[in-house]
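This report refers to the structure that appears directly beneath it.
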Number of protein chains: 2
Amino acid sequence: MSEPIAIDDPDDPRLCAYRAVRERDLVGRQGRFIVEGEVTLRLLFSPGARFAAESVLLAPERWPGFSDLLRGDGPPVYLAGKDVMSAVAGFPIHRGVLAVGLRGAEPVPEALVPPAPAPALVVGMVGLTNHDNVGGLFRNAAAFGADAVWLDAETCDPLYRKAIRVSAGAALTVPFARAASGAALLDLAQRHDLTPLALTPGGHETLDRLAPPSRALLLLGTEGPGLPEALMARARRLRIAMAPGFDSLNVATAGAIALHHLSGARLQS
Amino acid sequence: MSEPIAIDDPDDPRLCAYRAVRERDLVGRQGRFIVEGEVTLRLLFSPGARFAAESVLLAPERWPGFSDLLRGDGPPVYLAGKDVMSAVAGFPIHRGVLAVGLRGAEPVPEALVPPAPAPALVVGMVGLTNHDNVGGLFRNAAAFGADAVWLDAETCDPLYRKAIRVSAGAALTVPFARAASGAALLDLAQRHDLTPLALTPGGHETLDRLAPPSRALLLLGTEGPGLPEALMARARRLRIAMAPGFDSLNVATAGAIALHHLSGARLQS
């Protein structure tokens, strides 16, 4: 495209992918996802971005701030007042910045791991159904330079709107792939020479005393039930030393503490 | 009280403190606060709890689960159907468990620090206006056995309903007190022989290399602007080693990583 296209009719078919954002969050979008806000829009268009954008929808007053980023032969940019944007999306769009991304083909988990003997750090999410936790873990995975995230079938979609937001956009940058189950993640770890680590309050050793393996898969499960016993039995069980009587951390927070420990040598070298 | 009191009129004056919960979240409650859900109710009634309960409001089917906890000479327990509870509170009360706590007199910050030369770990919050972050930090302070939390005047109320919930109840158990400003927190640190530590992406040394001081005040500021320069100039500046290009952690997460490091020796000994 060369110039943005002004639209003032909420029923304009070019805005179809922006309709009823919240309802579609629940039922899916046929390979599309919604990006909201400036930080994540810039990540979507950053060099080496993982996903293509199908279109961008901005309030007219936001266009000057993005014209350098979006001018060129990229996807169409539509301009519509915030009232039109809100009418299309079905809730108030305060910041006036939306885009539709295309998921593309999801990679296979194997493709995301640096081959041995290079160092590798992969986060494995098992049964995480809370978008805040998944988004927070992506943010932490990015902060500590994890190579990839692997998800089991139960873990929710990192490209759900709220997960992208909570991830501070990291869901758009950290490569992820899905396996059928937690057991499949452990099979993958074995084939790719990753030491499986399970974070659990009942861990036999504390995280602090672990010499970080050069290649690791960090498994995280839900806060209540935790990781299934059958998975933990195949992994090295680690606990975070906590005060007596309050052994409770949010799973994304626990993951951050473990990633900080595991990445220490890589990030300081 | 001896037995719970059934109430079926949403306008019953005994339920006055439960009215319009969300609106009052914004304007205050004359020394009261609202507790929601089983975990936090149990903390409110745990031995050594910091706050008194004024009353409890349960859906009748929840009473058997709490009768052991609440029977005796405690505050009155009212039973009302969830429809009545929701009508009073002004939003759906799915779990059927509410209570009103009494703030009591707030302690002075000095009163919460173990006297030197005993070890001490205090979290100092400066300008934190997001209830999720404040709640998350209380949860992390409890998990790592911090002795107290000090708040500056701008930091939001830890007894706000959402902060209590996100804290997993830790806002009811970790002692906190307020000082006029961040500078006042640093004056207190000096008087009480606490080493002031400032967590900031621009820190001169990484957290990992810090030998945890026996007595420390960990200062945390907002994610965007961070701690004011005038405060950081009086503290030891620490950064968390992160991957290049994504030096962004949630403030509660960054606090957890620092607390984990600072508490390590205490919790493992």
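All values below come from the heavy atoms of this structure, side chains included, with hydrogens, waters and symmetry mates left out. Since the model is a prediction, treat every value here as computed from it, not as a measurement. Chain A is the first sequence line, chain B the second, and so forth, proteins listed ahead of strands; every chain is numbered from 1.
Closest approach of A:Ala241 and B:His260 over heavy atoms only: O-CD2, 4.5 Å. The minimum heavy-atom distance linking A:Ala143 with B:Ser248 is given by the pair CB-O, 3.8 Å.
For a residue to count as touching a neighbouring chain, one of its non-hydrogen atoms must lie under 4.5 Å from one of that chain's; by this rule B:Ser46 does not touch chain A.
Most heavy-atom pairs under 4.5 Å with chain B: of the set A:Ala168, A:Ala170, A:Ala142, A:Ala256, this distinction falls to A:Ala142.
Interatomic distance, A:Ile257 CD1 to B:Asn140 CG, rounded to the nearest 0.5 Å: 6.5 Å.
Proximity to chain B at a heavy-atom threshold of 4.5 Å picks out nothing from residues 111-127 of chain A.
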